[in-house]
Amino acid sequence: MENKMQIFNTLTRTVENFVPNEDGKVAMYTCGPTVYHFAHIGNLRSYIMEDVLEKSLRYVGYDVKRVMNITDVGHLSSDADTGEDKMLAGAKREKKTVMQIAQFYTDAFFADCEKLKIKRPDVVEPATNCISEFIEMIEALLEKGYAYVAGENVYFDTSKLDDYYAFSSQTEKELMIGVRDDVEEDTNKRGKSDFVLWFTKSKFDNQELKWESPWGVGYPGWHIECSCISMKHFGEYMDIHCGGVDNIFPHHTNEIAQSEAYTGHKWCNYWFHVHHLNDKSGKMSKSKGDFLTVSLLEEKGYHPLVYRMFCLQSHYRKPLEFSYDVMDNMENTYAKLRKSIAGLNEDTAFEPDQFAIYKEKFENAVSNDLNTSMALTVVYEVLKAEISDNTKLALMRSFDEVLSLDLTAGALETEDAGIDAELEAYVLAKIEERKAAKKEKNFARADEIRGELLDKGIVLEDTREGVKWKKA
RNA sequence: GGCGACAUAGCCAAGUGGUAAGGCACGGGUCUGCAACACCCUUAUCACCAGUUCAAAUCUGGUUGUCGCCUCCA
């Protein structure tokens with residue numbers, strides 16, 4: 001098929017025509033969450049945009065197979081052996097076993113994804129499912145001379161590669177490593193950029209998850225899992241690898257090092273990186289302790305899809321600053337949009353030519369390096385266009401295959417589920433009373449009733465569809 | 001210290017050489033007993049300086065500011 005998708009490739013730092021290895025098919029890999037805690041909405045920004053990428057590829061006609069790993073072992077808070085395993089730290093914090101933690105937060109992650117309409121990848125693979133594959137690959141790397149054993153751990157020898165820093169320019173290379181002074185060094189390493197493939201020795205010996213290996217009882221390093229899991233499901237080639245920008249170095253750099261050393265050839269052609277969600281003080285991060293989750297947004301009264309729309313109106317390669325002001329803005333935008341679409345009359349003629357015109361506009365926006373902001377503009381363009389409501393509805397349904405904003409699900413419910421039956425009965429009675437007063441043109445009484453309800457925290461609105469009420 | 005990204009109206013944001021999309025908010029108006037809803041109208045010369053060009057938000061150089069990466073991070 002013809003090249004329909006243009007996408008920024010971190011490897012070349014340019015927007016390229018996307019050409020998959022196999023015509024019409026896309027092998028797409030996503031670095032999944034480390035399931036030691038809830039995902040914060042910054043994490044979820046990446047998954048939302050990757051979801052849009054997957055759906056856009058499908059929209060323009062590709063057959064996409066998507067794989068995601070779940071990091072449930074091996075992700076240290078530092079690569080030096082002084083670090084603490086994230087999973088173990090989570091388990092300690094909550095007095096549960098590591099596997100209980102992993103299961104709990106994996107479920108929580110997918111629950112959040114569901115709320116945000118993020119499609120579950122075709123394959124979801126926990127790292128702990130693939131220990132034998134990790135061991136096989138590490139053995140092969142040792143055999144080929146790309147790895148060495150030191151201090152009872154296995155390390156990858158980055159000096160064996162001509163081009164370890166796949167994502168960096170030549171001038172950066174000499175300066176990258178070990179500049180940060182808060183980094184503690186692992187003295188077993190031959191080179192500063194070497195990294196661990198398999199641990200048997202570390203300072204946290206109470207590690208719960210350990211496996212037999214040719215190098216002793218231990219557990220895998222973080223980077224090896226993505227290389228192995230992708231090859232388990234895609235073989236030695238894949239098309240797009242996704243993740244947040246913070247994964248570029250070292251995680252993705254190390255993945256490329258291992259994978260290409262192992263296969264002896266180019267591994268993945270396109271690297272898709274989503275930029276960070278920041279707040280006023282900078283990057284949102286779990287290690288700062290305080291972070292925002294989807295549940296928290298819901299508690300504050302925001303529909304999860306308001307956050308999705310917040311992400312879509314920005315570009316994935318721009319840092320995005322989160323604020324409640326913008327969320328409030330977006331909340332209005334989203335409610336108005338849903339309401340406007342809900343008012344369309346399906347019982348009108350369908351105009352295939354018009355449908356095709358706007359569908360192409362939308363496709364162009366989305367295939368231009370995921371210009372989601374422009375895609376949303378096309379939504380508004382359609383709603384304002386001189387075409388039949390039924391055509392508009394068909395277009396909304398079509399666009400929603402990518403946007404996943406529940407565009408045609410009707411107006412947003414304003415009734416608050418938290419209101420108890422007694423209050424509801426009272427409110428409904430008052431509404432009837434007010435209706436009667438209005439009928440008798442007793443507007444003073446009608447306004448009085450509205451005031452009474454307001455005192456109880458209930459706001460009345462006379463809309464075209466009848467009286468609506470909600471919590472203030 | 002090195003590397004990189006970004007800087008467009010009150011806010012979010014598109015636009016990569018031809019005279020500034022869209023959304024929200026504000027203001028004005030129509031409608032309705034009022035309010036709200038809905039609908040209509042209105043709002044910028046693109047951080048700063050210099051240069052290239054017939055023409056620059058868009059290219060080049062510099063300045064300032066914000067942010068990110070340099071083995072915890074999506």
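Letters go in sequence order (proteins before strands), and every chain restarts at 1.
- For A:N278 against B:rG68, a side-chain-to-base donor-acceptor contact under 3.5 Å is absent.
- Annotation: of the two residues near RNA chain B, A:R45 and A:D328, the 5′-most nearest-nucleotide partner is A:D328.
- A salt bridge (Lys or Arg N to Asp or Glu O under 4.0 Å) with A:D51 holds for exactly one of A:K117, A:R45, A:K119, A:R308; it is A:R308.
- For A:N329 against B:rC24, a side-chain-to-base donor-acceptor contact under 3.5 Å is present.
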> Going through the checks in order, is the side chain to side chain donor-acceptor pair (under 3.5 Å) test met by A:N69 and A:T71?
Replying inline: CA-CA 6 Å; A:N69 67 297; A:T71 300; 3.1 Å; yes
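- Backbone-only engagement by A:N371 is indicated by non-hydrogen atom pairs under 4.0 Å involving sugar-phosphate atoms exclusively.
- Minimum atom distance to the side chain of A:K438 is reached by B:rC34, of the listed B:rG23, B:rC12, B:rC34.
- For the P atoms, the distance from B:rG1 to B:rC59 is 28 Å, rounded to whole Å.
- The nearest whole Å value for the distance from the CG atom in A:N247 to the P atom in B:rG4 is 21 Å.
- Considering only the side chain of A:K384, B:rG23 comes nearest among B:rG23, B:rA74, B:rG33.
- Interface remark: the A:T377 side chain does not form any donor-acceptor pair with the B:rA14 base, using a distance-only criterion of under 3.5 Å.
- When the side-chain nitrogen and oxygen atoms of A:K318 are compared with OP1 and OP2 of B:rG15, none of them lie within a distance under 4.0 Å.
- Taking atom CG on A:L292 and atom P on B:rC73, their separation rounds to 20 Å, with Å as the unit.
- Taking only side-chain nitrogens and oxygens, A:K336 never comes nearer than 4.0 Å to OP1 or OP2 of B:rC37.
- Here, B:rC49 and B:rG10 have their C1' atoms 27 Å apart, quoted to the whole Å.
- Of the residues near RNA chain B, A:Q313 and A:R434, the one whose nearest nucleotide (by heavy atom distance) lies more toward the 5' end is A:Q313.
- A distance of about 7 Å separates the C1' atoms of B:rA9 and B:rU43, rounded to the whole Å.
- Contacts of A:G243 with the nucleic acid, taken as non-hydrogen atoms under 4.0 Å apart, involve only primed sugar atoms and P, OP1 or OP2.
- A cation-pi geometry, defined here as NZ or CZ lying under 6.0 Å from the six-membered ring centre and within 45° of its normal, holds between A:R120 and A:F110.
- One finds no salt bridge joining A:R445 and A:E440 here, because no Lys/Arg side-chain nitrogen approaches an Asp/Glu carboxylate oxygen to under 4.0 Å.
- Considering only the side chain of A:S373, B:rA14 comes nearest among B:rA74, B:rA14, B:rC34.
- Picking from B:rG33, B:rC24, B:rA74 the nucleotide with the shortest atom distance to the side chain of A:N332 gives B:rC24.
- Donor-acceptor pairing under 3.5 Å, judged by distance alone, is absent between the side chain of A:R317 and the base of B:rA5.
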